[in-house]
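Note sheet for the following structure.
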Amino acid sequence: MRVLVTGGAGFIGRHVHTQLLAEGHDPVVLDSLRQDVHSTPPEDLAGLIVGDIRDPDTVATALHGVDVVIHLAAKVGLGVDLDDIDDYVSSNSLGTAVLLKQLAHSQVRGLVYASSMVVYGEGRYECDRHGVVAPGPRRTEDLDAGRFEPPCPLCGAQLRPGLVDETAPTDPRNTYAATKLNGEHLAAAWARETGGHVAAMRFHNVYGPGMPRDTPYAGVASLFRSALARGEAPRVYEDGGQRRDFVHVQDVATAVTTAAAGVTQAQHPALTAYNVGSGAVRTIADLATELAKACEGPAPVVTGQYRLGDVRHITASSQRLRDTLGWKPTYDLASGVADLVRSGR
């Protein structure tokens with residue numbers, strides 16, 4: 001099948017492009033090649049259309065002859081400060097709206113949308129007294145004092161973190177998260193009005209060869225790796241106990257192409273959300289330690305610093321993706337980090 005991959009020159013997009021070719025598909029890439037993401041244009045990406053997702057004419061041209069769309073184009077990361085808010089909304093919300101408008105005028109009725117685990121806010125927590133609860137944003141005075149664990153909002157007791165599934169309430173807590181959830185809502189509206197089908201892929205912490213480096217929008221794995229490349233110890237925020245699900249980019253690519261095949265066969269309701277994670281609960285300190293070991297670099301340093309937009313724990317159940325589409329990851333953290341370091345990218 002012919003597949004349009006928006007943002008296909010990016011980190012995840014390059015791996016999705018390669019996976020589509022390996023599966024015998026015909027990928028077309030639409031990417032704006034933003035300077036804050038691409039320091040040098042790609043030279044080996046077949047089917048590349050350079051253009052902005054917010055330009056209707058460019059999108060209409062890219063959709064010609066396409067069977068399904070994988071929408072990865074987005075401004076990613078937590079951002080620097082609120083000076084980024086308009087760029088996030090324009091790049092992500094408006095970009096998705098323009099794509100959906102053009103899809104409505106086309107014959108394409110299958111869409112894979114790159115969402116994120118950040119739409120949940122904090123993860124799942126249980127209180128011994130009150131059961132499942134939703135703690136609010138952490139207070140600055142608690143973080144300053146090194147009290148990183150969110151307390152029960154009803155009694156202040158310590159909570160037990162657990163796994164989030166796709167039925168959990170959404171609670172976006174930064175601009176990027178808000179735009180990702182907005183994109184899900186827009187895609188759901190498109191699907192209901194056109195009879196289309198959407199797989200919203202809620203990626204957890206993606207890492208692997210080719211991930212962005214040395215930008216304000218790089219992920220934690222990239223920041224740690226860049227520090228080790230300079231001969232410096234990875235600097236771990238808070239106490240390092242933040243629970244995350246780190247998923248290798250190749251596993252993400254196979255999840256995306258599997259979902260693309262599913263939406264073309266109308267195997268979904270109007271919109272189905274899927275958590276995309278490794279299924280293993282690890283901590284930020286675990287990641288830093290694995291990278292330091294693989295790079296033969298200095299041990300991580302726990303700083304106690306924090307970022308207000310960060311959540312404490314967010315780990316996923318990806319059982320729906322496994323059960324519905326038959327997907328399963330192939331990398332654990334140790335083998336994934338070893339692959340990253342071995343690749344040199």
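Note: hydrogens, waters and symmetry copies are ignored here, and every other heavy atom, side chains too, is used. Note that the structure is a prediction, hence the values are computed from the model and not measured.
- The shortest heavy-atom contact between Gly277 and Ser318 is N-OG, 2.9 Å.
- Residue Pro234 comes nearest to Pro298 through the heavy atom pair CD-O, 3.6 Å, listed as atom of the first residue, atom of the second, then distance.
- Side chains of Tyr176 and Asp84: no donor on one and acceptor on the other come within 3.5 Å.
- By the 6.0 Å contact criterion, CZ on Arg160 is enclosed, its count of non-hydrogen atoms from other residues, nucleotides or ligands being greater than 12.
- Contact detail for Ala9 and Val29: the closest heavy-atom pair is N-CG1, 3.8 Å.
- Between Val68 and Met1 the shortest side-chain heavy-atom distance falls below 4.5 Å.
- The hydrophobic clustering, which links ILVMFWY residues whose side-chain heavy atoms are closer than 4.5 Å, places Phe148 and Val133 apart.
- The residues Glu149 and Arg312 are annotated as salt-bridged, a charged nitrogen and a carboxylate oxygen being separated by less than 4.0 angstrom.
- Counting heavy atoms from C-beta on, the side chains of Thr303 and Tyr237 come closer than 4.5 Å.
- Of all non-hydrogen atoms in Ala199 and Val263, the two that sit nearest each other are N-CG1, 3.8 Å.
- Salt-bridge formation is not detected for the pair Arg320/Asp323: no Lys NZ or Arg NE/NH1/NH2 atom is positioned less than 4.0 Å from an Asp or Glu carboxylate oxygen.
- Relative ring orientation between Tyr125 and His313 is described as tilted, the plane-to-plane angle lying within the 30° to 60° band.
- Cluster annotation: Leu111 is connected to Leu271 through the hydrophobic network of ILVMFWY side chains, with a link wherever side-chain heavy atoms come within less than 4.5 Å.
- Side-chain contact annotation: Ser91 with Arg34, donor-acceptor N/O pair under 3.5 Å present.
- In the hydrophobic clustering of ILVMFWY residues, with side-chain heavy atoms under 4.5 Å counting as a link, Val249 and Leu287 come out together.
- Side-chain atoms of Glu184 and Ser115 include a donor-acceptor pair closer than 3.5 Å.
- With sequence neighbours left out, His204 forms a side-chain hydrogen bond (donor to acceptor under 3.5 Å, both in side chains) with no residue at all.
- A salt bridge does not link Arg147 to Glu238: none of the charged side-chain nitrogens sits closer than 4.0 Å to a carboxylate oxygen.
- Heavy-atom neighbours of Glu141 CD from other residues, nucleotides or ligands within 6.0 Å: above the threshold of 12.
- Side-chain contact, Ser90 with Arg54: a donor N or O sits under 3.5 Å from an acceptor N or O.
- Heavy-atom minimum distance, Glu166 versus Ala273: CG-O, 3.3 Å.
- Residues Ile314 and Val281 are members of separate hydrophobic clusters, defined by side-chain heavy-atom contacts under 4.5 angstrom among Ile, Leu, Val, Met, Phe, Trp and Tyr.
- Heavy-atom neighbours of Gln158 CD from other residues, nucleotides or ligands within 6.0 Å: at or below the threshold of 12.
- With 3.5 Å as the limit, one finds a donor-acceptor pair spanning the side chains of His71 and Thr96.
- No more than 12 heavy atoms of other residues, nucleotides or ligands lie within 6.0 Å of CD in Gln107, so this atom counts as exposed by the packing criterion.
- Residues meeting the side chain to side chain contact (heavy atoms under 4.5 Å, CB included) test with Thr18, sequence neighbours left out: none.
- Looking at residues two or more places apart in sequence or on another chain, you find a side-chain hydrogen bond (donor to acceptor under 3.5 Å, both in side chains) between Asp171 and Arg173.
- Side chain of Arg235 to backbone of Leu223: no donor-acceptor contact under 3.5 angstrom is found.
- Under the 3.5 Å distance criterion, with hydrogens and angles disregarded, no donor-acceptor pair is assigned to the side chains of Ser317 and Asp165.
- In this structure, a donor-acceptor pair under 3.5 Å is absent between the side chains of Thr179 and Asn182.
- No hydrogens or angles considered: a donor-acceptor pair under 3.5 Å links the side chains of Arg202 and Tyr120.
- Between Thr254 and Asp251, the side chains place no donor N or O within less than 3.5 Å of an acceptor N or O (distance only, hydrogens not considered).
- The shortest side-chain heavy-atom distance between Ile12 and Met211 does not fall under the 4.5 Å cut-off.
- Remark: Asp67 does not engage Arg2 in a salt bridge, criterion side-chain N to carboxylate O under 4.0 Å.
- Using a 4.5 Å heavy-atom threshold, the side chains of Val252 and His15 count as separate.
- Cluster annotation: Val198 is connected to Val66 through the hydrophobic network of ILVMFWY side chains, with a link wherever side-chain heavy atoms come within less than 4.5 Å.
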